**Student:** 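Pasting a structure below so you can have a look.
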Amino acid sequence: MTDQKKRNKQKKPRWKLLHQYYSYTGFYSFVGKSLLKAAIPILIFIVALICVHFFVIDIEDVLVYITDNFPPIGVLAVFFASESILGLIPPEIFIAWSGKSDHPEIYLAIIATLSYLGGIVSYFIGRGIASIPSVFVYLEVKMEKHIKNMRKWGGFLIIVGALLPVPFAISSIAAGIIKFPFGSYLLFGLLRFLRFFLYGVAIFGALQ
């Protein structure tokens with residue numbers, strides 16, 4: 001057997017090499033820790049919501065009140081601003097709100113699109129930051145971990161941000177700072193729609 005054939009035989013499949021790389025660089029550990037960190041505030045939020053629902057006021061009444069008294073454009077504007085700036089408000093609140101609207105599927109599609117567009121805004125915020133030396137140096141220290149992880153894992157970190165309950169805006173800003181290819185960012189970010197669909201199915205079912 002020639003040396004070339006031996007090398008081909010011994011060469012590992014690409015998926016094994018990727019798995020090995022992400023294992024060595026701590027990607028799986030990062031995802032696990034991120035889920036744990038995200039799960040704690042989400043659980044606290046759910047418990048608080050349940051307590052409010054049973055002991056203070058019916059949450060469905062609150063959602064109906066918001067739907068009846070606040071124009072949809074205002075609610076959507078608040079959501080878009082949140083998704084563009086660090087994802088400060090849990091998207092689940094707006095998914096639940098859309099479930100109480102007259103056209104829940106349409107509003108769910110709208111907020112999913114706004115979340116995707118908010119991520120794009122965050123990406124360009126990152127690109128803008130990268131072009132301002134004083135701001136870049138400051139945020140490079142503040143976001144050192146996120147930027148370092150984005151350089152290591154790139155698209156997979158965007159996928160994690162799009163699918164899992166971690167701030168998508170932060171991943172998007174980090175992608176912009178390192179000038180991650182915009183076309184690839186748009187492609188990976190499409191998984192944001194899948195997250196909203198799955199959450200919508202779960203929350204709409206719970207509200208029925």
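Residue indices begin at 1 and follow the sequence shown. These numbers come from the heavy atoms of this one structure, side chains and all, not from hydrogens, waters or symmetry mates. No experiment lies behind these values; they were computed from the predicted model shown.
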**Student:** Just jot down the side-chain contact (heavy atoms from CB on, under 4.5 Å) partners of Val121, sequence neighbours excluded, or say none.
**Tutor:**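 Per chain and number, Val121 pairs via side-chain contact (heavy atoms from CB on, under 4.5 Å) with Phe80, Ser84, Ile125.
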**Student:** Measure the spacing between CD1 of Ile173 and CD1 of Ile147 and express it to the nearest 0.5 Å.
**Tutor:**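 Going from CD1 on Ile173 over to CD1 on Ile147, the span is 10.0 Å.
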**Student:** With a 4.5 Å heavy-atom cut-off, do Ile120 and Phe124 have their side chains touching?
**Tutor:**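 Yes; the side chains approach each other to less than 4.5 Å.
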**Student:** Among all residues two or more places apart in sequence or in another chain, which pass the side-chain contact (heavy atoms from CB on, under 4.5 Å) test with Leu190?
**Tutor:**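 Partners of Leu190 by the side-chain contact (heavy atoms from CB on, under 4.5 Å) criterion, ordered by chain and then number, come out as Tyr116, Leu187, Phe193.
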**Student:** Quick one: does Ile89's side chain get under 4.5 Å of Phe94's, heavy atoms only?
**Tutor:**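 In short, these two side chains touch, coming nearer than 4.5 Å.
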**Student:** Extract all donor-acceptor atom pairs below 3.5 Å that involve side chains of residues 157-171 and protein atoms in other chains or at least two apart in sequence.
**Tutor:**
none

**Student:** Which donor-acceptor pairs under 3.5 Å do side chains of residues 176-183 form with protein atoms, sequence neighbours excluded?
**Tutor:**
none

**Student:** Does Ser115 have any side chain to side chain donor-acceptor pair (under 3.5 Å) partners at least two apart in sequence or in another chain, and if so, which?
**Tutor:**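 By the side chain to side chain donor-acceptor pair (under 3.5 Å) rule, Ser115 matches Glu83, Arg192.
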**Student:** Sequence neighbours left out, what passes side-chain contact (heavy atoms from CB on, under 4.5 Å) with Phe197? Give chain and number order.
**Tutor:**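 By the side-chain contact (heavy atoms from CB on, under 4.5 Å) rule, Phe197 matches Val201.
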**Student:** Out of curiosity, Ile110 CD1 to Leu117 CG, how far, rounded to the nearest 0.5 Å?
**Tutor:**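 One finds 11.5 Å between CD1 of Ile110 and CG of Leu117.
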**Student:** Looking only at non-hydrogen atoms, find the nearest pair between Leu108 and Ser98 and report the distance.
**Tutor:**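 Nearest heavy atoms, Leu108 then Ser98: N-CB, 4.0 Å.
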**Student:** I'd like to check the side-chain contact (heavy atoms from CB on, under 4.5 Å) partners of Ile132; sequence neighbours left out, ordered by chain and number.
**Tutor:**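 Ile132 satisfies side-chain contact (heavy atoms from CB on, under 4.5 Å) with Ser134, Val135 once adjacent residues are dropped.
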**Student:** Can you pull out every side-chain hydrogen bond (donor to acceptor under 3.5 Å, both in side chains) where at least one residue sits in residues 154-169? Sequence neighbours excluded, please.
**Tutor:**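 Sorted result for residues 154-169: empty, none.
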**Student:** Donor-acceptor check, side chain of Ser82 to backbone of Val78, threshold 3.5 angstrom: yes or no?
**Tutor:**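 Checked: no pair found.
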**Student:** Would a single hydrophobic cluster contain both Ile106 and Leu198, if residues Ile, Leu, Val, Met, Phe, Trp and Tyr are joined by side-chain heavy-atom contacts under 4.5 Å?
**Tutor:**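 Linked, Leu198 and Ile106 end up in one cluster.
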**Student:** To the nearest 0.5 Å, how far apart are CD in Glu92 and CZ in Phe196?
**Tutor:**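 Interatomic distance, Glu92 CD to Phe196 CZ, rounded to 0.5 Å: 8.0 Å.
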**Student:** For Tyr107, which residues count as a side chain to side chain donor-acceptor pair (under 3.5 Å) partner, sequence neighbours excluded?
**Tutor:**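 Counting only residues at least two positions away or on another chain, Tyr107 forms no side chain to side chain donor-acceptor pair (under 3.5 Å).
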**Student:** So, using side chain to side chain donor-acceptor pair (under 3.5 Å) as the criterion, who are the partners of Ser172 when residues are at least two apart?
**Tutor:**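 If we apply the side chain to side chain donor-acceptor pair (under 3.5 Å) test to Ser172, skipping adjacent residues, the hits are Tyr185.
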